[in-house]
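These numbers were taken from a predicted model, which means no experiment stands behind them. In what follows, every heavy atom counts, from backbone to side chain, and hydrogens, waters and symmetry copies are set aside.
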Amino acid sequence: MTAQFEVESFEHVAATPGTVLLRVTGRWHGEQRERLPAPMLTVDDGRRTHRLSPLPGLDEPSPVAGPEAPTWRAAYSAPAELVRAGRTAFALDAGRGGLADLPRP
């Protein structure tokens, strides 16, 4: 089964002069309830694809997908220049061969 991600918010917050915090919130919808692997944030800057792991936090990094999926939150640390680049594309990769595209933060 491939879960579909519904974005509620995707934002960036300056953390240090050269680093930003990328925060994403949403729900993973699927036909049946299942635990997904912790999604990697993929950032394609036009030259290469960067894969970022979720930071430790209060929420479980591995989301639950299902018909009545709970809200999932994660944060990722990234170099600030990745967010500033005009052609940067963002997506979540929770395995199983599918990417969930994200809007620009």
(request) Might you work through the side-chain contact (heavy atoms from CB on, under 4.5 Å) test for Glu68 and Arg33, ending with a clear yes or no? (result) CA-CA 8 Å; Glu68 300 294 326; Arg33 187 173 170 85; over 6 Å; no
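- At least one donor-acceptor pair under 3.5 Å links the side chain of Arg27 to the backbone N or O of Ala69.
- Here the side chains of Leu55 and Ser77 are in contact, with some heavy-atom distance below 4.5 Å.
- Residues Val20 and Val13 fail the side-chain proximity criterion, which asks for heavy atoms closer than 4.5 Å.
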(message) Working note: Thr49 + Val43, criterion side-chain contact (heavy atoms from CB on, under 4.5 Å); need CA distance, chi angles, decisive distance, verdict.
(response) CA-CA 6 Å; Thr49 300; Val43 183; over 6 Å; no
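- A continuous path of hydrophobic side-chain contacts links Val83 to Tyr76 [ILVMFWY only; heavy atoms under 4.5 Å].
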(request) Check the pair Thr88, Asp44 against side-chain contact (heavy atoms from CB on, under 4.5 Å), reporting the backbone distance first and the verdict last. (result) CA-CA 5 Å; Thr88 303; Asp44 185 340; over 6 Å; no
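- At least one side-chain heavy atom of Phe90 sits under 4.5 Å from a side-chain heavy atom of Pro105.
- For the pair Pro63/Pro39, a side-chain contact is recorded, criterion being any heavy-atom separation below 4.5 Å from C-beta on.
- No side-chain donor-acceptor contact under 3.5 Å links Thr19 to the backbone of Pro79.
- Note that the CG atom of Leu82 and the CZ atom of Arg48 stand 8.5 Å from one another [nearest 0.5 Å].
- Note: Trp28 and Trp72 have perpendicular aromatic rings, judged against thresholds of 30 and 60 degrees for the angle between ring planes.
- Inter-residue side-chain proximity for Thr71 and Thr25 is flagged as met; some heavy-atom pair is nearer than 4.5 Å.
- Considering only heavy atoms from C-beta on, Phe5 comes within 4.5 Å of Val24 through its side chain.
- Linking ILVMFWY residues whenever their side-chain heavy atoms come closer than 4.5 Å, directly or via other members, places Leu92 and Leu36 in the same cluster.
- Checking side-chain atoms of Arg51 against main-chain N and O of Asp93 turns up no donor-acceptor pair under 3.5 Å.
- Between Asp45 and His50, the closest heavy-atom pair is OD2-NE2, 3.0 Å.
- Side-chain atoms of Leu21 and His12, non-hydrogen and from C-beta on, never get closer than 4.5 Å to each other.
- One finds the CD atom of Glu6 at 11.0 Å from the CD atom of Gln4 (value rounded to the nearest 0.5 Å).
- Taking the side chain as every heavy atom from C-beta outward, Pro67 and Glu31 never approach each other to under 4.5 Å.
- Residues Glu11 and Arg23 are paired through a salt bridge, judged by an N-O separation under 4.0 Å between the basic side chain and the carboxylate.
- Taking each heavy atom of Ala65 and Ala3 in turn, the nearest pair found is CB-CB, 3.8 Å.
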(message) Checking Leu102 against Val7 for the side-chain contact (heavy atoms from CB on, under 4.5 Å) test, could you report, in this order, the C-alpha distance in whole Å, the side-chain angles of both residues, the deciding distance, and whether it holds?
(response) CA-CA 7 Å; Leu102 295 171; Val7 180; 3.5 Å; yes
